[in-house]
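Any value given below was found using the heavy atoms of this structure, including those in side chains, with hydrogens, waters and symmetry copies removed. First listed ligand is number 1; within each ligand, the first listed atom is number 1.
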Amino acid sequence: MLLDLVYDLYEYIFSNPLETQALILVSFITYYLFIYPFFISSLRNVPGPYLHRICYFTALNDQRKMRWITKVHDLHAKYGNIVILSPNEISVNGNAKFITDIYVKNFPKSKFYENFRNHGFKDNMFASLENDRHIKYKKIVSNIYSKSAIFSKTNSTRNNLVKKVGNLVDAIYKSSVDDWFNLANKTKNLGIDVYSLFASLALDVVSAFELGNENGTDLLSKPEQRHIIVSHREVASMVFWTTLMPRFWSWAAGSRILKASEDVTKWQLSLYANAENNVPKFGKDENLTTLESFKKAGITGEYAYSFLTDNIFAGHETTAIYLTYLCYELSRPINNSVQLKLQQELIQQFSNPVKGAVIDDLEIVDNLPYLNAIMNEIGRIHAPIPGAEPRMVDKPYSIRLDNGEYITVPTGTTISVQPYSMHRLENVFPDPYRFIPERWLQYDDESVEDFNQRIMKQQKYMMPFGKGIRMCLGMNIALIEMKLAVANLYWRFGSKLCQDWCEITEYNNADSTEDKVKPNVIQLGKQFAGNNETDEEKMVMYDSYTIRPYNDECWLEWYENFTQ
Ligand code: HEM
Ligand SMILES: *[C@@H]1O[C@H](CO)[C@@H](O)[C@H](O)[C@H]1NC(C)=O
Ligand SMILES: *[C@@H]1O[C@H](CO)[C@@H](O)[C@H](O)[C@H]1NC(C)=O
Ligand SMILES: *[C@@H]1O[C@H](CO)[C@@H](O)[C@H](O)[C@H]1NC(C)=O
Ligand SMILES: *[C@@H]1O[C@H](CO)[C@@H](O)[C@H](O)[C@H]1NC(C)=O
Ligand SMILES: *[C@@H]1O[C@H](CO)[C@@H](O)[C@H](O)[C@H]1NC(C)=O
Ligand SMILES: *[C@@H]1O[C@H](CO)[C@@H](O)[C@H](O)[C@H]1NC(C)=O
């Protein structure tokens with residue numbers, strides 16, 4: 001009986017091959033386009049567009065086209081707090097609980113991160129996916145990156161920071177004040193590109209931190225060596241291919257990028273080799289560099305270099321972006337009051353600026369209220385890493401959809417929160433697109449208790465450095481480095497947008513409220529760059545892994561004697 005049936009089937013298939021193929025194809029298509037997404041997938045009730053439900057194409061294509069973060073942001077606006085991104089991936093928003101569940105309770109990283117391995121795919125802190133492997137690495141170096149080690153007066157990091165920030169102030173003085181300020185009536189080519197300058201600061205700091213104060217770079221004093229920053233930038237611009245299409249990397253990279261990539265690797269290896277040749281035979285445990293700590297733990301050669309390279313990539317572009325947008329926002333005519341208020345705070349604390357002096361009191365700088373408010377606000381609207389930080393669900397995770405229904409997100413699903421969107425929740429950050437440092441300070445009519453409650457709530461939604469165990473390892477050094485730089489710069493100088501760089505957008509900022517025009521916010525996504533003429537257009541942030549400015553530059557003028 002059964003045999004007959006099988007036989008009949010065979011006969012049918014052999015006599016009607018075309019029809020059979022068509023039938024199989026149709027069943028396949030029906031299954032994947034209809035039955036699976038609507039009846040079988042555990043994510044079938046998660047809202048979102050149909051195309052995202054059935055394929056990975058839109059997610060990949062939008063990332064390649066650099067419009068994905070804004071797209072996900074818009075999807076949340078349209079479909080609610082939980083949306084489907086691709087057949088196996090969801091994005092969640094709107095509730096700090098998600099940050100706790102995913103990042104603090106620590107779902108392992110998704111495969112996205114695996115491709116941040118360096119020097120022949122060797123593992124490192126950032127790229128390790130599994131929690132136990134990550135913890136093992138973290139134990140080796142976490143004490144060096146701790147706030148107490150960085151602030152310690154007997155450790156070398158503190159001196160490193162003060163020295164490098166001193167070099168920064170000198171570089172700005174030379175380029176903006178010395179070179180042109182005293183030249184009578186010079187009006188052209190004023191100012192300096194702070195994006196490259198801040199990248200130089202960050203690379204000098206991080207390389208000395210990794211390799212020892214004597215073995216790091218000195219780009220701040222040696223501008224002719226800064227080309228290596230441009231090469232790093234070119235490699236970083238390939239992040240889509242590096243992380244999502246690694247097999248097509250070489251194909252997508254033009255000869256320029258291939259060359260930049262070679263330059264970067266060669267440069268890094270020679271930097272490390274130089275440091276290796278400069279280790280005291282019996283080094284003391286104090287002032288251990290990152291490299292020495294790894295070597296002591298048995299991680300040597302290229303296995304150790306992968307960690308260093310990771311820090312160089314993770315640490316210098318992000319820091320440069322943060323500082324650039326901070327100084328940019330303070331230099332916009334519309335925000336002049338913010339700059340003045342910061343300068344008042346600094347002068348009140350450190351009295352009038354003195355030529356050649358550098359503010360070196362890390363503890364005071366760390367606790368300046370207005371400086372902190374500015375730092376928080378930049379971290380909110382110009383978070384250098386704004387997009388999803390994807391994790392993999394490793395045990396079934398129950399979530400509540402906006403319609404009240406509970407679903408269980410199955411093991412293996414990719415899940416993420418997008419800082420860009422969390423930072424722009426209207427009910428947590430009123431007028432969320434505006435740069436308003438005051439939202440981090442106590443309002444006039446607010447009790448201390450209400451103020452503390454509000455700040456605690458706001459902080460719960462902030463993740464410029466990520467959250468939880470995989471949070472930025474370099475955060476303590478980055479934060480105090482940036483605060484020290486900003487404090488010193490605005491103590492000594494005032495800044496303005498460079499007149500020769502672009503058309504400066506001025507707004508009627510008169511006190512008469514009727515005709516006050518609201519300034520444009522600096523948008524994410526190159527589609528907003530318009531004619532690439534005004535400062536607002538030139539400072540459009542790339543919709544990419546990092547938000548580097550549209551033209552990889554930001555020209556500011558710095559001048560002294562702002563107090564008169
Ligand atoms: C303003 C500057 C910086 C920003 C905004 C920033 C941001 C971030 C973010 C968002 C993450 C988490 C990524 C994720 O979970 O997907 C991260 C991780 C990391 N960052 Fe940073 N970072 C900065 C500076 C630095 C510096 C200076 C260093 C090194 C000295 C550094 C080293 C790392 C490392 C090693 C990780 C991986 C940590 C782990 O997986 O345990 N970062 N950073
Ligand atoms: C100094 O740095 C080392 C790591 O090199 C760290 O173990 C130590 O705790 C630091 N000292 C202080 C006082 O923080
Ligand atoms: C660590 O570095 C600091 C500052 O450079 C220095 O004063 C101290 O002597 C160093 N400690 C050791 C044990 O080398
Ligand atoms: C600079 O400009 C002022 C007035 O515009 C003029 O009196 C002065 O001679 C100029 N100085 C030089 C060096 O050209
Ligand atoms: C680099 O320079 C420091 C001095 O700042 C030295 O003690 C250290 O051993 C050198 N090399 C390495 C690999 O850190
Ligand atoms: C600063 O400029 C922004 C434009 O990004 C504007 O919305 C904001 O009101 C200004 N902030 C202050 C405190 O003037
Ligand atoms: C924007 O304009 C500048 C000149 O003002 C030009 O150098 C730059 O390439 C332009 N940027 C883009 C992305 O077209």
Close N or O approach (H134, ligand 1; < 3.5 Å): yes
Contact (N/O only, under 3.5 Å) between E438 and ligand 6: no
Atom indices of ligand 7 within 4.0 angstrom of N532 heavy atoms, with elements: 1 (C), 2 (O), 3 (C), 8 (C), 10 (C), 11 (N), 12 (C), 14 (O)
Atoms in ligand 1 flagged as close to R391, the criterion being non-hydrogen separation under 4.0 Å: 14 (C), 15 (O), 16 (O)
Side chain, backbone, both or neither: the part of P464 lying under 4.0 Å from ligand 1 by heavy atom: backbone
Side-chain ion pair, R332 and E536, N-O less than 4.0 Å: yes
Salt bridge flag under 4.0 Å for residues D62 and R67: yes
Proximal atoms of ligand 1 relative to G466 (non-hydrogen, under 4.0 Å): 10 (C)
Basic-acidic side-chain contact under 4.0 Å: E377, R380: yes
Sub-3.5 Å N/O-N/O distance, R470 and ligand 1: yes
Heteroatom distance test (Y113, ligand 1): nitrogen or oxygen, under 3.5 angstrom: yes
Ring-face cation of R470 near Y113 (centre distance under 6.0 Å, axis angle within 45°): no
Per-atom contacts of ligand 7 with K538, taking only distances under 4.0 Å to non-hydrogen atoms: 1 (C), 2 (O), 3 (C), 5 (O)
Under-4.0 Å heavy-atom contact between protein and atom 2 (O) of ligand 7: yes
Contact check: V338 vs ligand 6, nitrogen or oxygen atoms, below 3.5 angstrom: no
Any I436 heavy atom less than 4.0 Å to ligand 6: no
Cationic N near anionic O, under 4.0 Å, K467 to E389: no
cation_pi(K65, F240) dist<6.0 Å, angle<=45: no
